[in-house]
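Take this structure, written in structure tokens, and hold onto it; I'll ask about it next.
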Amino acid sequence: MLEINLLRSDRNRIVKALQKRNLPTEKLELVDQVVSKDDLRKSLQTELDQLLNQVNEASKEIGRMFKEGKQDRANELRNMVNETKQRSKQLEEEMKAVKEEIAQLLLDIPNIPHESVPPGSNPEDNEIYKDWTKPFPQLDENALPHWELAEKFNLFDLKLGVKLTGSGFPLYRGHGARLQRALINFFLDQAISAGYEEILPPLLVNEDTARATGQLPDKEGQMYMAERDNLYLIPTAEVPITNIVRGEIIEEAALPLRMAGYTPCFRREAGSYGADVKGLNRVHQFDKVEIVQISHPDRSYETLEEMLGHVSMLLDKLELPYRILRLCGGDLGFTSALTFDFEVYSAAQSKWLEVSSVSNFETYQSNRLMLRFRSQDRKPQLAHTLNGSALALARVVAALLENNQKEDEILMPEVLHNYTGFSSIRI
RNA sequence: GGUGAGGUGGGUGAGUGGCUGAAACCACCGGUUUGCUAAACCGGCGUACUCUGAAAGGGGUACCGCGGGUUCGAAUCCCGCCCUCACCGCCA
């Protein structure tokens with residue numbers, strides 16, 4: 001959520017920045033609606049506070065009267081207070097309603113794009129922030145896409161996944177399973193040496209948690225739910241990890257907080273069929289190591305750079321061709337101020353696959369989370385939150401398999417040898 | 001799942017209807033003292049909203065797990081929920 005005070009004090013800049021997202025004009029009008037609703041809220045607040053003050057004062061007086069034995073005067077006051085209370089009850093209800101309306105409106109206003117976000121409405125307008133300049137892997141004419149390699153080398157089985165669960169739930173086996181485990185460990189080790197604290201969070205979260213990071217109410221349909229217990233399967237480790245600091249006030253000296261965690265991720269992802277969802281390109285369950293930072297507002301863009309560096313380093317070590325995109329206004333996530341996507345080139349499909357998304361949410365998340373830090377002048381202030389995938393496994397695996405295939409084996413990048421226990425996959 | 005006890009500020013913990021936004025102690029911050037450190041002493045020390053003020057500040061309201069209720073008045077009484085601990089049951 002955006003802060004109302006910001007909408008109030010910097011209205012024109014915000015509306016202008018929001019235009020980059022290609023919002024329909026009625027969305028832009030929400031800004032003014034929120035502010036005027038909030039004006040109403042303020043005046044109700046003032047009036048209500050005054051009434052309650054009257055009640056409090058009178059109640060004290062009644063106590064005194066009783067002590068002094070002035071029953072009549074006390075009863076008089078009692079009647080007066082009862083009247084005042086009726087009015088204050090009304091006001092309270094009005095207040096509650098107005099507050100809910102404001103909250104609802106705020107939920108519909110996306111984050112303000114960073115000034116560097118390019119205008120544009122669809123993925124073609126994303127800016128190539130860093131392109132791949134070296135040659136792509138040269139494959140044989142009869143090179144196979146990863147889902148065929150999987151069959152040939154017995155690495156994962158989508159049909160078995162269907163048998164056990166349903167489509168989009170891959171079952172990895174043999175070298176395929178070991179490669180998953182190797183990548184997870186590799187990514188975690190890299191995060192730890194970059195100073196992240198390793199977190200192994202719960203995979204199911206309650207409603208409060210899902211709400212605080214914005215999965216509810218907007219993306220309710222994207223999550224699997226355990227209805228009997230009112231719990232949600234996490235779509236990303238971002239949800240439990242960011243919620244660790246929900247409602248906290250952190251000492252400034254402790255910033256930045258660096259946390260990283262491996263979890264499976266569950267996504268319902270209704271819709272969309274065809275080539276884009278073949279093999280491991282898009283699945284309902286996949287593994288991911290997520291990195292999260294809680295940063296000082298003055299330094300959050302340095303933090304973002306640092307995280308980009310971390311993800312680049314991982315891909316360099318895996319020897320995968322990749323490019324970095326700066327998302328345009330139209331493609332930018334609802335809650336993000338600036339997002340960079342990492343795409344890996346999967347040579348047999350001749351396709352760029354998104355393997356990481358690194359974002360700075362500025363105070364948009366922390367405002368909802370009530371996540372603050374104590375600044376030098378002792379005043380609590382909203383912190384900035386950032387996160388990124390480092391990395392999502394399924395598509396990395398797709399690219400590794402496709403790019404490194406030889407006639408009767410698939411070579412593993414050197415950095416993984418100690419993790420996999422093998423340097424190539426053979427039949 | 002059953003029974004019992006309990007959830008108070010950063011921590012320990014007092015508080016069973018008005019004088020309690022909350023004692024005391026610890027931690028923390030500022031000061032005095034001191035060659036330095038420590039001790040001692042003095043002072044400060046929650047959050048949100050709101051009004052007022054140029055600001056410093058001052059006033060008000062709410063918050064003692066969460067939500068409702070009783071009452072002129074609730075941390076304190078009543079109801080529902082959540083959670084923690086102990087014992088029993090079950091269990092990787």
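Letters A, B, ... mirror the listed sequences (proteins, then strands); counts begin at 1.
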By nearest nucleotide on RNA chain B, pick out whichever of A/K85 and A/T46 is the more 5' one.
A/T46
Whole angstrom value for the distance that separates P of B/C82 from CG of A/L231
13 Å
Using whole Å, report how far CG of A/D49 lies from P of B/C49.
13 Å
Ignoring hydrogens and angles, tell me if any N or O in the side chain of A/H417 forms a donor-acceptor pair with the backbone of A/M412 under 3.5 Å.
yes
Among B/U61, B/C49, B/G73, the nucleotide that comes nearest once only the side chain of A/N53 is considered
B/U61
Is any side-chain nitrogen or oxygen of A/N56 closer than 4.0 Å to OP1 or OP2 of B/G73?
no
Would you say a side-chain N or O of A/R372 is under 4.0 Å from OP1 or OP2 of B/U47?
no
Using the P atom on both, measure B/G17 against B/C78 and round to a whole Å.
12 Å
Any strand, both distances under 3.5 Å, Watson-Crick or G-U wobble: B/G35 pairs with none
If the P atom of B/C72 is compared with that of B/C66, how far apart are they to the nearest Å?
25 Å
Using atom P of each nucleotide, how far apart are B/U61 and B/C79 to the nearest Å?
30 Å
Between B/G46 and B/G11, how far apart are the C1' atoms? Round to whole Å, please.
14 Å
Using whole Å, report how far CD1 of A/I250 lies from C1' of B/U47.
16 Å
Donor-acceptor contact below 3.5 Å, side chain A/S389 vs main chain A/S357
yes
Starting at atom CD of A/E207, determine the distance to atom P of B/C66, rounded to an integer number of angstrom.
18 Å
So, OP1 or OP2 of B/G10: does either fall under 4.0 Å of a side-chain N or O from A/R374?
no
When you check the gap from the basic side-chain N to the acidic O, do A/E207 and A/R211 get nearer than 4.0 Å?
yes
Please pick, from B/G68, B/C72, B/U50, the nucleotide with the shortest atom-to-atom distance to any side-chain atom of A/K96.
B/G68
Roughly how many Å is it from CG in A/N367 to P in B/A48, rounded to a whole number?
12 Å
Classify the ring geometry between A/F186 and A/Y419 as parallel (under 30°), tilted (30 to 60°) or perpendicular (over 60°).
perpendicular
For atom CG of A/L52 and atom C1' of B/U50, their distance in whole Å:
12 Å
Which one is paired to B/G30, where only Watson-Crick or G-U wobble pairs with both distances under 3.5 angstrom count?
B/C42
Nucleotide forming a Watson-Crick or wobble pair with B/U47, both distances under 3.5 Å
B/A62
A/F361-A/H384 aromatic ring centre distance below 6.0 Å:
no
Are A/K379 and A/R374 packed together at the side-chain level, in the sense that at least one heavy-atom pair is separated by less than 4.5 angstrom?
no
Measure the distance from CZ on A/R78 to P on B/G18 and round it to the nearest whole Å.
16 Å
B/A75 pairs with which nucleotide, Watson-Crick or G-U wobble, both distances below 3.5 Å?
none
How is A/N82 classified with respect to the nucleic acid when contacts are heavy atoms under 4.0 Å: base, sugar-phosphate, or nothing?
sugar-phosphate
Determine whether a donor-acceptor pair (N or O, by modelled atom type, separation under 3.5 Å) exists between the side chain of A/N360 and the backbone of A/L304.
no
Taking the same atom, P, in B/A39 and in B/C25, what whole-Å distance lies between them?
16 Å
Taking a pair to mean Watson-Crick or G-U wobble geometry with both distances below 3.5 Å, B/U70 pairs with none
Sticking with atom P, work out how far B/G6 lies from B/U76, rounded to a whole angstrom.
15 Å
Of the candidate nucleotides B/C72, B/G60, B/U47, which contains the atom at the shortest distance from the side chain of A/I249?
B/U47
Can you label the angle between the A/H146 ring and the A/F156 ring as parallel, tilted or perpendicular, going by 30° and 60°?
tilted
Quick check for you: among B/U61, B/U50, B/G18, whose closest atom lies nearest to any side-chain atom of A/R41?
B/U50
Atom NZ of A/K60 to atom C1' of B/U20: distance rounded to whole Å?
11 Å
Does B/U20 have a Watson-Crick or wobble mate here (both distances under 3.5 Å), and if so which one?
none
Go ahead and name the base partner of B/C90; Watson-Crick or wobble counts if both distances stay under 3.5 Å, otherwise write none.
none
Please name the nucleotide paired to B/A5 by Watson-Crick or G-U wobble geometry with both distances under 3.5 Å, or report none.
B/U84
Would you classify A/I62 as touching base, sugar-phosphate or nothing, given that sugar-phosphate means primed atoms plus P, OP1 and OP2, and contacts are heavy atoms under 4.0 Å?
base
Whole-Å P distance, B/U47 and B/C85:
29 Å
Does a nitrogen or oxygen in the side chain of A/K99 sit under 4.0 Å from OP1 or OP2 of B/C49?
no
Taking atom P in both B/G65 and B/G44, compute the distance separating them and give it to the nearest angstrom.
27 Å
Using heavy-atom distances to pick each residue's nearest nucleotide on RNA chain B, tell me which of A/L77 and A/G63 is more 5'.
A/G63
